[in-house]
Amino acid sequence: MLPGVLVAGSATAVPPRAPGQAVALQLRCLAAQSIVPVPPVIEPKDPEQLLMQTPQGNPLLLSHTLQELLSKDTVQVELIPEKKGLFLKHVEYEVSSKRFKCSVYRRYNDFVVFQEMLLQKFPYRMVPALPPKRMLGADREFIESRRRALKRFINLVARHPPFSEDVLLKLFLSFSGSDVQNKLRELVQGVGDEFMICQLAPRAKDFLPADIQAQFAASRELIRNIYNSFYKLRDRAERIASRAIDNASDLLIFGKELSALGSDTTPLPSWAALNNSTWGTLKQALKGLSVEFALLADKAVQQGKQEECDVVEKLNLFLDLLQSYKDLCERHEKGVLHKHQRALHKYSMMKKQMMSATVQNKEPESVEQLESRIVEQENAIMTMELRNYFSLYCLHQETQLIHIYLPLTSHILGAFVNSQIQGHKEMSKVWNELKPKLSCLFVGPHNMPTPPLSPPEGNFFAN
């Protein structure tokens, strides 16, 4: 970056030097060219690796489909029996990868270190958040909720294009040793982040559209709106699934009360027998209905759990992805851009000091030290500018990834409709089987069957 040129993402320009400093300027520019830490170029070992490192066409554009992402891997996360430690019970998970064809045991803290290493190596990518850690009083509901969240996390990571090809993921899903956390840290230590190891990083600006800032703002607003709508959809889906389970509980209790009514052993009063009471027959019929109501309750539970698995969990998966995008946008603004602005401010202050020192004819050594610091600061600003462009480059790709996942909406709606159709179909079958068994409840005074009375239109209890 030359003096007097605007910096990406900033309206601040590096001020030009006075004419009397032309020689010093040339020397500093030459020094800066030799000092700027441009990401190292890693020579490919074979033609296949060369093809991977130098994409054909515009490398900014992703060519994946939703089906391709989903087929990258399917990872199962299951609870294994608790192990009691000295003070606390430790929850462990069996993590099974379809892609790597193996199962490993992981604890929550292993996931934490894995996520930390992903953030350290890929600071400009969507790294999903982890569920909260709960030290004491973790009930079964919380443990199950966390297991589902960990499953969503690892599947999003396993299907993310850069993550899926990284050694961190392979080690986490296949390493069976006991020191997985140290192994993960060793893989990242001294390697540098994606900016330092990506060949395209110094040229990221060349692939970005001219209106990248406007596109970023528009995409961020769109995805924020999508997130808010999906959040409401998820809440309603949870309520629908919860109502199905509550309905199951009510049906079960309803059947038990009918059975209790039919099992009542209270003697029949003598005056009731004068009207040829059919209570004894009714009791026998009521007693047998609990089986059908228990079956109805079971069907309702199945529908509720299917909606939780096929609808609510898929909505949660997409919400986790959208939240990781929102987090990435915040990291971009509070990280790269904020540091960039601070570096520019520091540079401006140094320039003022330099001008003041020149005017006051200070010692040559102090002036040279100040000039050296200015060169270093210019170097830092140039590096931050490159990082800023690379961050926008990654944000552009992550935005594409969100849009690739958007057709998941049709999968979710399809699962919801199928769940409703299947659930109502199975419950309707049980209700139809139950109806003939009610015939004995409608018996007249002389044990003659009579049709059930339908309530009149309007209020059943109307006078």
So OG of Ser63 and CD of Gln400: to nearest 0.5 Å the spacing works out to 9.5 Å
Quiz prompt | Side chain proximity check, Leu130 to Leu150, heavy atoms < 4.5 angstrom | solution = yes
Minimal heavy-atom distance between Lys314 and Ile412, with the atoms involved, is CB-CG1, 3.7 Å
* To do: Just say parallel, tilted or perpendicular for the rings of Phe254 and Phe293, cut-offs at 30° and 60°.
  => tilted
- Query: Around atom CZ of Arg185, are there more than 12 heavy atoms of other residues, nucleotides or ligands at under 6.0 Å?
  - Reply: yes
What one should report as the nearest heavy-atom pair of His411 and Pro407 is CD2-O, 3.4 Å
Legend entry - Short side-chain donor-acceptor distance under 3.5 Å, Asn109 and Gln181: no
Exercise. Near Arg236 CZ, under 6.0 Å, is it more than 12 heavy atoms from other residues, nucleotides or ligands?
Worked result: no
TODO: Check for a donor-acceptor pair, side chain of Asn418 on one end and backbone N or O of Gly414 on the other, with a separation under 3.5 Å.
DONE: yes
| request: Say whether, by atom type as modelled, one donor and one acceptor occur between the side chain of Arg99 and the main chain of Thr74 under 3.5 angstrom. | output: no
Decide, yes or no, whether a salt bridge links Arg148 with Glu144 under the criterion of side-chain N to carboxylate O below 4.0 Å. yes
Partner of Tyr93 under side-chain hydrogen bond (donor to acceptor under 3.5 Å, both in side chains), picked from Arg146, Arg147, Lys151, Gln76, is Arg146
### Task
State, with a plain yes or no, whether a side-chain heavy atom of Pro128 is found less than 4.5 Å away from one of Met126.
no
Discussion item. With heavy-atom distances below 4.5 Å as the criterion, would you say the side chains of Leu200 and Phe207 are in contact?
Written reply: yes
Q) Is there a donor-acceptor pair closer than 3.5 Å between any side-chain N or O of Asp73 and the backbone N or O of Lys98? A) yes
Practice item. Look at Glu426 together with Lys429 and state whether they make a salt bridge at an N to O cut-off of under 4.0 Å. Key: no
Quiz item: Does His424 use its side chain to pair, donor to acceptor, with the backbone of Gln420 at less than 3.5 Å?
Solution: yes
Is Glu194 paired with Lys121 through a side-chain N to carboxylate O contact shorter than 4.0 Å? no
On a heavy-atom basis, the closest approach of Val311 and Ala415 is CG2-C, 4.0 Å
Output for pair (Leu295 CG, Leu434 CG), nearest 0.5 Å, gives 10.0 Å
Going by distance alone, is a donor N or O of one side chain under 3.5 Å from an acceptor N or O of the other, for Gln215 and Asp211? yes
* Kindly say whether Ile80 contributes a backbone atom to a donor-acceptor pair with the side chain of Tyr105 at under 3.5 angstrom? => no
Rounded to the nearest 0.5 angstrom, the CZ-CG distance for Arg152 and Leu319 is 8.5 Å
Check your understanding: Do Ile154 and Leu173 have side-chain heavy atoms sitting under 4.5 Å apart?
Key -> yes
### Query
Would you call Pro209 and Leu60 a side-chain contact if the rule is heavy atoms closer than 4.5 Å?
yes
query: With side chains defined as the heavy atoms from C-beta onward, is the minimum distance between Gln303 and Ile245 less than 4.5 Å?
result: no
Distance to the ring centre below 6.0 angstrom and angle to the axis at most 45 degrees; does that hold for Arg106 and Phe172? yes
Exercise for review: Could you walk me through whether His332 and Phe216 pass ring pair (Phe, Tyr, Trp, His ring centres under 6.0 Å), step by step?
Suggested key: CA-CA 11 Å; His332 173 74; Phe216 168 57; 5.4 Å; yes
**Asked** Any chance the side chains of Glu165 and His160 put a donor and an acceptor closer than 3.5 Å?
**Response** no
Contacts satisfying ring pair (Phe, Tyr, Trp, His ring centres under 6.0 Å) that involve residues 225-249 (not counting sequence neighbours) are Phe230-Phe318
Nearest heavy-atom approach of Ser164 to Pro161 is OG-O, 2.8 Å
**Message:** Under 4.0 Å between a side-chain nitrogen and a carboxylate oxygen: does that hold for Asp193 and Arg387?
**Reply:** yes
Between the CG atom in Leu286 and the OG atom in Ser259, the distance rounded to the nearest 0.5 Å is 9.5 Å
Open item on the list: Are the side chains of Tyr389 and Ile212 in contact, using a 4.5 Å heavy-atom criterion?
Closed with: no
| field | Glu186-Asn182 side chain donor-acceptor pair, cut-off 3.5 Å | value | no
For Gly304 and Ala244 the tightest heavy-atom approach is CA-CB, 3.7 Å
Rounding to 0.5 Å, atoms CG (Leu321) and NZ (Lys326) come to a distance of 12.5 Å
>> Around atom NZ of Lys72, are there more than 12 heavy atoms from other residues, nucleotides or ligands closer than 6.0 Å?
In response: yes
Any salt bridge between Glu333 and Arg220, counting N to O under 4.0 Å? yes
Could you tell me whether the side chain of Ile421 reaches within less than 4.5 Å of the side chain of Phe416, counting heavy atoms only? no
For this session: Might you work through the side-chain contact (heavy atoms from CB on, under 4.5 Å) test for Tyr124 and Gln397, ending with a clear yes or no?
Result: CA-CA 10 Å; Tyr124 310 123; Gln397 289 192 328; over 6 Å; no
> Between Asn228 and Asn225, is there a donor-acceptor pair closer than 3.5 Å when you use the side chain of the first and the backbone of the second?
Replying inline: no
| task | Please test Asp206 against Arg203 for side-chain contact (heavy atoms from CB on, under 4.5 Å), starting from the C-alpha separation and ending with a verdict. | result | CA-CA 6 Å; Asp206 299 337; Arg203 299 184 292 122; 3.6 Å; yes
dist Asp320:CG -> Asn316:CG (nearest 0.5 Å) comes out at 6.5 Å
Margin query: Is there a side-chain contact (heavy atoms from CB on, under 4.5 Å) between His396 and Leu392? Walk through the geometry before answering.
Written below: CA-CA 6 Å; His396 196 293; Leu392 289 170; over 6 Å; no
Residues passing the salt bridge (charged side-chain N to carboxylate O under 4.0 Å, His left out) test with Glu307, sequence neighbours excluded, are none
For Leu328 and Pro123, the nearest pair of non-hydrogen atoms, with its separation, is CD1-O, 3.8 Å
In Asp298, Leu296, Leu251, the residue satisfying side chain to side chain contact (heavy atoms under 4.5 Å, CB included) with Val430 is Leu296
So Phe122 and Phe163, ring pair (Phe, Tyr, Trp, His ring centres under 6.0 Å) or not? Walk me through it. CA-CA 9 Å; Phe122 299 97; Phe163 301 163; 5.0 Å; yes
Worksheet item: Step by step, would you call Lys435 with Asn432 a side-chain contact (heavy atoms from CB on, under 4.5 Å)?
Response: CA-CA 5 Å; Lys435 188 174 181 180; Asn432 286 325; 5.6 Å; no
- Task: Verify the neighbour count for atom CD of Glu141: are there more than 12 heavy atoms of other residues, nucleotides or ligands below 6.0 Å?
- Result: no
